[in-house]
Amino acid sequence: MRNRIAELVQSSLHAALSAQELCTTQLPAVIIGTPASPEHGDFSCNIAMQMAKGERKAPRQVAEILIRHLGNGNGLLAKTEIAGPGFINFFVSAGAWQATLLEVESGGAAFGRTSSGGGKKVQVEFVSANPTGPLHIGHGRGAAIGDTLCRILDASGWDVTREFYYNDAGAQISNLALSVQSRCLGIEPDDTRWPADGYQGEYIKDVARAYLARETVEASDQHTVASGDPNDLDAIRGFAVAWLRREQDLDLAAFDVRFDVYTLESGLYTEGRVEAVVGKLIANGHTYEQDGALWLKTTDFGDDKDRVMRKADGGYTYFVPDVAYHQAKWERGFTRVINEQGADHHSTITRVRAGLQALDIGIPKGWPEYVLHQMVTVMRGGEEVKISKRAGSYVTLRDLIDEVGRDATRFFFIMRKPDAQLVFDIDLAKQQTNENPVYYVQYAHARICSIFENAAEKGFRAPENPAVSDLALLTTTEELQLIKMMNALPDTIDDCAVHFEPHRLTYYLTELASCFHSFYNKNRVISDDAVLTTARLYLLKRTAQTLRNALAILGISAPERM
RNA sequence: GCGCUCGUAGCUCAGCUGGAUAGAGCAACGGCCUUCUAAGCCGUAGGUCAUAGGUUCGAGUCCUAUCGGGCGCGCCA
């Protein structure tokens with residue numbers, strides 16, 4: 001609907017120009033807004049105010065000219081008026097609104113989807129947790145935001161590849177292997193022989209037990225058998241990583257999050273990609289030796305200090321394989337790459353981008369793009385739960401799914417914009433689940449389903465593909481408001497995709513549900529008036545469809561009964 | 001100290017590439033179930049949009065400074 005208004009304004013502009021009533025050559029973009037107050041119409045346009053200066057006319061005068069050339073768009077508009085300092089307000093006719101219900105029906109499960117992405121490739125990397133422990137609540141937020149963003153990009157017409165990167169080659173992994181080995185040998189964390197930065201969590205015991213028992217780890221892309229030899233550190237490392245990766249996979253599956261591609265950091269070494277990147281950076285003259293280490297001049301690319309690439313002990317710092325990894329993404333043809341990660345890692349952005357610029361292979365400056373989510377604070381019993389990965393004290397994603405439920409957990413995580421810190425109060429989420437907005441939205445769907453059941457008993461059912469004239473009875477404020485909200489779904493999805501802000505969809509759903517609940521309380525669906533009953537059943541059929549479609553993009557179920 | 005980020009109702013937060021009288025949920029108060037699910041609806045009350053300047057027809061939104069919270073500033077990832 002918004003686009004149709006924009007097209008009308010566009011053609012009106014051109015008509016006014018060719019009639020020489022306007023003279024602006026550099027036309028500003030036509031932006032159609034939605035007024036805060038209903039008395040200002042369904043849509044508004046501020047273009048007259050923007051053009052007023054160039055035209056040397058009063059804004060209202062410009063608006064008047066535009067309206068004269070506007071027409072009513074084949075019955076689309078009931079009224080057009082100039083208001084305030086020079087807004088043009090559009091009042092869409094009830095008939096035009098009612099007709100949009102047929103578009104919802106023909107769209108079916110695809111209603112809401114747009115083609116803004118043009119089928120272009122985009123890769124989204126998210127979660128990318130180290131395989132050194134179970135996924136915790138912070139990973140959960142990353143998983144929810146990343147996954148929802150993928151669903152949103154997919155819904156707005158992008159060809160999305162979901163990717164998970166495993167740091168399975170650094171110091172933390174050696175640390176993990178030593179910790180498991182110690183457990184295998186019966187060494188406890190308070191023992192003097194316990195590794196300095198060892199992982200103390202209970203799960204390390206489980207890994208050690210499984211390793212000694214010569215268990216096999218089966219997962220989608222791996223098959224690892226434990227040798228059971230506590231002195232074989234390499235074997236322990238391989239087994240521990242495989243074991244923990246499987247645990248993470250299971251947690252993500254329970255959260256309904258899946259990936260298309262898993263990339264292992266160790267593979268970048270074995271394929272020689274890391275060495276190749278280092279060689280190229282040296283050859284391009286962006287490095288220097290100092291204090292026994294090799295440095296990259298990241299300051300040439302906006303960093304506040306240079307960074308060590310190769311440590312004095314000969315190992316590479318984490319961002320070197322990261323650069324190699326992103327070069328590989330580029331070579332795989334992803335001109336658009338989005339990385340979703342915690343804000344505590346924001347310093348990697350400058351470093352990785354600097355490394356990619358220094359390679360000088362035509363990668364744009366702002367590539368890849370990033371979505372950072374702020375930290376999650378966990379509250380339990382009115383107190384903050386301190387998270388220490390090494391000591392093994394934290395709330396896992398699995399705990400949350402088990403305690404709060406998948407739907408509510410997902411909704412809660414994406415309800416806030418990624419930029420804002422999130423307080424996850426477990427007691428509130430657990431004990432007062434009825435206060436969670438996800439139930440408000442799901443309840444709307446269940447209520448509608450219940451009405452259909454009652455209607456069927458009385459012999460009523462929603463028609464298929466009705467004539468627009470059959471919908472002419474849908475004229476109450478609540479009915480039209482409901483239709484307008486459904487209509488806003490495609491725009492909402494596009495907005496979410498453009499701004500990387502999934503939370504807007506949760507607010508959309510709350511509003512849509514609110515429109516339904518208001519309608520429900522004020523209007524009776526099933527009545528003696530068969531024509532009206534049928535029309536209203538059709539309205540609710542489309543409402544339920546819209547609720548389901550939007551919930552699906554959030555990865556949340558639409559229950560038929562609650 | 002430097003960088004990133006946030007600061008909006010008592011609390012938790014929205015505010016759509018600058019737009020008209022700043023919104024929602026919770027908490028408070030008052031109403032609505034003999035008829036389709038009250039996990040709901042309607043109403044009342046609650047604001048110096050952290051502070052001070054600036055940009056313009058117009059600022060919660062953009063710019064600068066200050067204050068306050070979070071994160072980062074490692075030859076960890």
Side-chain angles (χ1 to χ4, degrees), chain A residues 29 31 33-37 39-40 44 46 49-50 52-53 58-59 83-87 89 128-130 132 167 170-173 175 197 265 291-295 303-305 307-319 322 342-350 372 374-375 377 415-417 419-423 425 428 432-437 439-440 442-444 446-455 457-458 460 488 491-492 494-496 498-499 501 503-504 506-508 510-511 513-514 516-527 533 536-537 540 561-562:
Chain A
I31 296 170
T34 44
S37 160
E39 63 200 61
H40 293 133
S44 68
N46 64 358
M49 287 182 285
Q50 293 184 316
K53 208 173 217 178
F87 290 101
N89 290 338
S128 292
N130 289 353
T132 55
N167 292 102
Q172 299 303 332
I173 297 298
N175 201 0
D197 294 316
E265 181 187 7
D291 304 330
L294 181 66
W295 297 69
D303 206 351
D304 55 351
K305 61 174 92 163
R307 307 291 168 175
V308 170
M309 291 172 60
R310 189 170 58 218
K311 299 179 275 185
D313 70 6
Y316 292 111
T317 53
Y318 74 94
F319 85 93
D322 240 25
D344 54 337
H345 285 188
H346 78 253
S347 58
T348 66
I349 298 174
T350 317
L372 301 179
Q374 294 292 326
M375 299 293 94
T377 310
M415 211 161 74
R416 313 266 105 107
K417 66 182 161 202
D419 273 344
Q421 285 161 230
L422 177 65
V423 177
D425 188 327
L428 187 78
Q432 303 184 323
T433 47
N434 58 321
E435 287 181 10
N436 194 315
Y439 293 99
Y440 181 79
Q442 290 180 319
Y443 183 55
R447 252 184 162 179
I448 292 173
C449 292
S450 167
I451 293 172
F452 289 148
E453 274 182 31
N454 291 319
E457 280 172 24
K458 298 197 166 86
F460 291 113
D491 283 338
T492 304
D494 273 343
D495 284 344
C496 290
V498 167
H499 297 278
E501 291 181 341
H503 74 281
R504 296 187 189 200
T506 68
Y507 282 88
Y508 169 81
T510 307
E511 250 185 279
S514 168
F516 162 72
H517 288 308
S518 294
F519 162 79
Y520 176 92
N521 272 274
K522 200 154 177 186
N523 304 280
R524 207 178 154 72
V525 178
I526 302 166
S527 68
T533 298
R536 284 185 169 164
L537 283 173
L540 293 194
R561 239 178 257 267
M562 285 175 76

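Since this is a predicted model, take the numbers as computed values, not measurements.
- Closest contact between the side chain of A:H346 and the listed nucleotides B:G72, B:C41, B:C16 involves B:G72.
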Secondary-structure notation, RNA chain B, from Watson-Crick and G-U pairs under 3.5 angstrom (| other strand): (((((((..((((.....[...)))).(((((.......))))).....(((((..]....))))))))))))....

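- The separation between A:D425 atom CG and B:C26 atom C1' is 13 Å, rounded to whole Å.
- Closest to the side chain of A:R504, out of B:C71, B:A77, B:G15, is B:G15.
- Residue A:A343 is in sugar-phosphate contact alone, with no base atom involved, counting any heavy-atom pair closer than 4.0 Å across all strands shown.
- Between the side chain of A:S518 and the backbone N or O of A:S514 there is at least one donor-acceptor pair closer than 3.5 Å.
- Side-chain proximity of A:H499 to the nucleotides B:C75, B:C71, B:U17 is greatest for B:U17.
- Look at the P atom in both B:G18 and B:G58: the space between them is 16 Å, to the nearest Å.
- Distance, A:H503 NE2 to B:G25 P: 17 Å, rounded to whole Å.
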Between protein and nucleotides 6-8 of chain B, what N or O pairs are separated by less than 3.5 Å?
residue, atom, partner, partner atom, Å
B:C6, OP1, A:D419, OD2, 3.4

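- Applying the ring pair (Phe, Tyr, Trp, His ring centres under 6.0 Å) rule to A:H40 yields no partners; only residues at least two apart in sequence or on another chain are considered.
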With sugar-phosphate taken as primed atoms, P, OP1 and OP2 and all else as base, the protein-contact string of nucleotides 29-38 of chain B at under 4.0 Å (heavy atoms; B, S, -) is ------BBBS

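- Base contact: A:T34 has a heavy atom under 4.0 Å from a base atom.
- Between B:U17 and B:C62, the distance separating the two C1' atoms is 12 Å to the nearest Å.
- Of the C1' atoms belonging to B:G70 and B:C26, the separation is 24 Å, rounded to the nearest Å.
- Taking atom C1' on both B:A52 and B:A59, the two are 15 Å apart, rounded to the nearest angstrom.
- Of all nucleotides listed (B:G40, B:C42, B:C76), B:G40 comes nearest to the side chain of A:Y440.
- Using cut-offs of 30° and 60° for the angle between ring planes, the A:F519 and A:F516 rings count as tilted.
- The separation of B:A14 from B:U51, taken at their C1' atoms, amounts to 23 Å, rounded to a whole angstrom.
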Protein-nucleotides 43-47 of chain B N/O pairs closer than 3.5 Å?
none

Going 5' to 3' through nucleotides 19-24 of chain B, assign each nucleotide B (protein heavy atom under 4.0 Å from a base atom), S (under 4.0 Å only from sugar-phosphate atoms) or - (no protein heavy atom that close). BBB---

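- With rounding to whole Å, A:M375 atom CE is found 7 Å from B:C71 atom C1'.
- Checked against B:C71, B:G40, B:C13, the side chain of A:R416 finds its nearest nucleotide in B:C13.
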